[in-house]
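Down below is the structure, laid out as structure tokens.
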Amino acid sequence: MLTPSDWISIAELLVSAIGICVSAIVAVWIVDNIQKKMDIQHSLKGHFASEVLGVRMEYRGLISDLISTKQKPSEIKKNFRKINIHASNLLQLLNTQYGVPNEILLPYQMELQQIATDSNDFVNAFRNDRKFAYRQDTVVAFQNFEKLNDHLFNDILIKIYNG
Amino acid sequence: MKFNIHEQYSETTGIRYHEQSDFSGEDFYHDKLNDLFFDCYNSGDILYLDLDGGDDGFTPSFLDESIGNLIYDFTLRIVSQRLKIISNWEPYWVTEVEGKSYPKWEKRRLTGEKPKITKVHGPWYRLVDGHVEKKVWIEYRKDTKYVDTF
């Protein structure tokens, strides 16, 4: 026959066991949720990093075409606009998520476009919208621009992964 | 007052000067922007210049020349108060124009480095000693490109 103190001991054991189970369940739930959030954050960073690399490829392609192919002024204008808008849209998201400055790619959006559209080659071809090739001094300007500014994309990636 | 360049001026815009292209920055200023801005200045309104829309986009020289001339004729202080550039698609234009064109053209105004004109224009508005006058401020001559009549 169980004495009252036996019942008390059993009750204490049961309470301890329930407490351990509840703590274990809560711990698993917390870790699971944190892990999920970390996984989501990691996936998001990966996604945005991939988008940044995509924009970098677009600008590299743009510069390569400016240097090595003949294009019409209207095509050059449209290509700049398309890539610049893509970059702007992405930067707005990155600014919200990771505090990346909206103007970080301004050299690509403005300075590069000025090199391309202020050049005499572009200006002389503009009225008739004829295909033309840039002369060597402008080609060198494009190459120097890229050397000086390509690091901006790495700067963005660093901000994403540090964010 | 809101004015969308692509919808209300031209779907495609040119580069800096009339001698270089149709619908140039010089053309836009003298054919449209000077009058629009004067109307707003005179009525106490604000001119919202909308850069969005269309397929074509702008060249930096188009916006620099057109808005720069506005600074030259009305001063940076007045233009900053009465002109708002809107671009949701391409916000970098606002940064570029306000950050670079504004101070550059204000400096030109203060040092008297006149805008270049490459065709005959009708009279246009300019703020002089606190009041607005309309006249041909710079006369076009083919050989020298411009002669200041002011």
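Proteins come first, then strands; the chains are lettered A, B, ... in the order of their sequence lines, and each starts at number 1.
If you tally non-hydrogen atom pairs under 4.5 Å between each of B/Asp56, B/Thr59, B/Asp22 and chain A, the highest count goes to B/Asp56.
Heavy-atom distances place the side chain of B/Thr95, and not its backbone, under 4.5 Å from chain A. Heavy atoms closer than 4.5 Å to chain B are found in the side chain of A/Glu103, but not in its backbone. For a residue to count as touching a neighbouring chain, one of its non-hydrogen atoms must lie under 4.5 Å from one of that chain's; by this rule B/Phe58 touches chain A with the backbone only. With a 4.5 angstrom heavy-atom cutoff, A/Asn84 touches chain B via backbone and side-chain atoms both. Interface residue A/Leu106: only side-chain heavy atoms are found under 4.5 Å from chain B. Using a 4.5 Å cut-off between heavy atoms, B/Thr13 contacts chain A through both its backbone and its side chain.
Using a 4.0 Å cut-off between a side-chain N of Lys or Arg and a carboxylate O of Asp or Glu, B/Arg16 and B/Glu26 do not qualify as a salt bridge.
Minimum heavy-atom separation, B/Trp89 to B/Gly54: CZ3-O, 3.8 Å. Contact detail for B/Phe23 and B/Thr12: the closest heavy-atom pair is CB-O, 3.8 Å.
Not one N or O on the side chain of B/Trp93 forms a donor-acceptor pair closer than 3.5 Å with the backbone of B/Leu51.
Relative ring orientation between A/Tyr108 and A/Tyr59 is described as tilted, the plane-to-plane angle lying within the 30° to 60° band. The aromatic rings of B/Phe28 and B/Phe62 lie parallel to each other, with less than 30° between the two planes, well short of the 60° mark.
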